[in-house]
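Here the structure is laid out as structure tokens; the discussion comes afterwards.
Predicted model only: the values in this text are computed from it and were never measured. Computed over heavy atoms, backbone and side chain alike; hydrogens, waters and symmetry mates excluded. Note on naming: letters A, B, ... go to the chains in the order of the sequence lines (proteins, then strands), and numbering restarts at 1 for each one.
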There are 2 protein chains.
Amino acid sequence: MCLNYNPVSVFVDPDLADAEKIAKEAISQHKMLLIAGNCWVHYVGRARSKLDPGERILIVKEDGSLLVHRSTGYEPVNWQPPGCIFQTCLKNGVLELKAIRRKPRESVSVFFDRVYMISSLSLKDPGEFALYASEEDMQKAILFEPSLLEEGFKPISYEKRVEPGFVDVYGLDKNGKFVVVEIKRRTAGKEAVLQLAKYLEFIKGRVSRETRGILAAPSIAKDVQRLLETLNLEFKPLDPKKCAEVLNRFETIKLEAFFKQGSQ
Amino acid sequence: MCLNYNPVSVFVDPDLADAEKIAKEAISQHKMLLIAGNCWVHYVGRARSKLDPGERILIVKEDGSLLVHRSTGYEPVNWQPPGCIFQTCLKNGVLELKAIRRKPRESVSVFFDRVYMISSLSLKDPGEFALYASEEDMQKAILFEPSLLEEGFKPISYEKRVEPGFVDVYGLDKNGKFVVVEIKRRTAGKEAVLQLAKYLEFIKGRVSRETRGILAAPSIAKDVQRLLETLNLEFKPLDPKKCAEVLNRFETIKLEAFFKQGSQ
DNA sequence: AATTAAATTTCGCCT
DNA sequence: AGGCGAAGTTTAATT
């Protein structure tokens, strides 16, 4: 009835007393808790709701958030945001799991009379989430659509090896000057400016033409902007959302080209 | 490594080939699919996103919706609304699960290199979900706050047994007339009107005072309204949300009274 | 902390 | 099916 493996423990068809023990332990140890069973739900707070009995999935996350999912629908039928306090109570053959929140004062109670499966999970999740575009995507977008950087820009190469590291994008402006581009996905900090300065220094020593250094990022702090200007570098606002639109457009074009080719 | 019980099958530490088989089967049979494992996610569509590797929960529901949940946060990090088409692909030790939607054209791909647990579930869920107030709650709200029905209304009893069934609420109006109230949670239909008429007919035969029949519901269809008027009955708009506010207020009052009592 | 604006908003009601 | 408005909206950014 029980299986353990690395970050997960699964119990199938536990009695409600065992289920309560497992749930209590998972919650107190800040593990993710997952229950499949027959339940009904009461919510009182900003609004109020009742969910009549049925088989559903309950998730309690490490941060004290709660989700009740039915077998259909993208949205949870009931939920509670992070930071809840939890109580469990086993009485008359019913296991109650209550998630309480203050500010606003509200609570969700889930009542189980059957638990088919209960699982506690310790999930390690260091992965970064990048909406619209990662730094790599922003680089790709500039290569697809160089005018994102400035009118007349012509990329020559990317991820170019220079002594201190790799130059994100490297090219010529409309006047034939060499341009070194450093891309940041978030508000550019001092490090980004210094990095760009280093790369430019290296390039200057190896090229006879005039050079420019451009820092492309969604935004830049005022004091960092001053440093940038002191070092004779430039800032270009680059919106990840705009980059995503460019990438989607080009991928669609590539896709259409593929279908055209395929149909001939 | 595998446990079966009634509506759920759970597989712990399956190899990716088994996981693919289980996933394919669950999806084709319109069962709910649940995977815990190490994964990364790409989304392209209205927007675009990348999620770097980490341990997460994937849910595919019967209706073809998809959810990727991290260990924290109330919202899914990636998702796809109901009605998706699914593809799976096992290649180079990576299991890809792709959910495609048209209109708008978008797709979410989840790549697993480790599956800790995979489960398919056949959940039966007939339970009704009532936001704000169930019919019973609306009845309770009128008893707490009779002016919800009309100014001067005085409830006498509720769930009163009459020959054809049970009268929801029963009382006197400000002029001393008997009032029979029929409550519906949704737009009132013909049945509700006929039911109220039946109850009122029964009451009329047993009471010497004048009587009124009031149908309380969020709304009523035009043709049903005509029938209602023909039968000399009345309609009173009753908003479940307003009822919920009343109930919350009274529960708070009851709670405060309880605490006052407790502290003395 | 409070206010405002955006969201892969979603969802329901109406035409 | 498309458009509008509300949501237990939520969430992030800004004052």
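Residues that satisfy the salt bridge (charged side-chain N to carboxylate O under 4.0 Å, His left out) test with A:Glu135, not counting sequence neighbours, are A:Lys184. Checked against salt bridge (charged side-chain N to carboxylate O under 4.0 Å, His left out), B:Glu20 has the following partners two or more places apart in sequence or in another chain: B:Lys24. Shown here are the salt bridge (charged side-chain N to carboxylate O under 4.0 Å, His left out) partners of B:Arg46, two or more places apart in sequence or in another chain: B:Glu106. For B:Ala133, the side-chain contact (heavy atoms from CB on, under 4.5 Å) partners two or more places apart in sequence, or in a different chain, are B:Asp137, B:Met138, B:Pro240, B:Cys243. In this structure B:Glu128 satisfies the side-chain contact (heavy atoms from CB on, under 4.5 Å) test together with A:Asp52, B:Arg186, sequence neighbours excluded. With sequence neighbours excluded, the residues satisfying side-chain contact (heavy atoms from CB on, under 4.5 Å) with A:Asn248 are B:Val44, B:Arg48.
The pair B:Glu145-B:Arg249 counts as a salt bridge, with a side-chain nitrogen and a carboxylate oxygen less than 4.0 angstrom apart.
By the 4.5 Å heavy-atom criterion applied to side chains, A:Lys50 and B:Leu131 are not counted as neighbours. The side-chain heavy atoms of B:Leu34 and B:Ile118, taken from C-beta on, include no pair separated by under 4.5 Å.
Between B:Lys241 and the phosphate of D:dG8, there is no side-chain N or O to OP1/OP2 separation shorter than 4.0 Å. Distances shorter than 4.0 Å separate none of the side-chain N or O atoms of B:Tyr132 from OP1 or OP2 on D:dA6.
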I would like to know whether B:Gln225 and B:Glu229 meet side-chain hydrogen bond (donor to acceptor under 3.5 Å, both in side chains); could you show each step before the answer? CA-CA 6 Å; B:Gln225 171 109 42; B:Glu229 284 165 6; 3.2 Å; yes
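Within 6.0 Å of atom NZ in B:Lys236, more than 12 heavy atoms from other residues, nucleotides or ligands are found, so the atom counts as buried in its surroundings. Atom CZ of A:Phe111 has more than 12 heavy atoms from other residues, nucleotides or ligands within 6.0 Å.
Within residues 54-68 of chain A, no residue has any heavy atom under 4.0 Å from DNA chain C. At a non-hydrogen distance threshold of 4.0 Å, nothing from residues 134-143 of chain B comes into contact with DNA chain D.
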Dump every N/O contact between nucleotides 12-15 of chain D and the protein below 3.5 Å, one line per pair.
none

Atom pairs under 3.5 Å, N or O on each side, protein against nucleotides 10-14 of chain C: can you list them with distances?
unit_1: C:dT10; atom_1: OP1; unit_2: B:Arg46; atom_2: NH2; d: 3.4
unit_1: C:dT10; atom_1: OP1; unit_2: B:Trp79; atom_2: NE1; d: 3.4
unit_1: C:dT10; atom_1: OP2; unit_2: B:Arg46; atom_2: NH1; d: 3.2

With both pairing distances under 3.5 angstrom for Watson-Crick or G-U wobble, and | for a partner in another strand, the correct string for DNA chain C is |||||||.|||||||
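Among residue pairs with one or both ends in residues 45-91 of chain B, those qualifying as ring pair (Phe, Tyr, Trp, His ring centres under 6.0 Å) are A:Tyr74-B:Trp79, A:Trp79-B:Tyr74; sequence neighbours excluded.
Nucleotides C:dA5 and D:dG8, compared at atom P, are 22 Å apart to the nearest Å.
Each of A:Lys103 and A:Leu131 was assigned the nucleotide of DNA chain C with the nearest heavy atom; the assignment lying further toward the 5' end belongs to A:Lys103.
Between the CZ atom of A:Phe235 and the CD atom of A:Glu182 there is a distance of 12.5 Å, given to the nearest 0.5 Å.
With hydrogens and angles ignored, the 3.5 Å screen pairs a side-chain donor or acceptor of A:Asp63 with a backbone N or O of A:Ser65.
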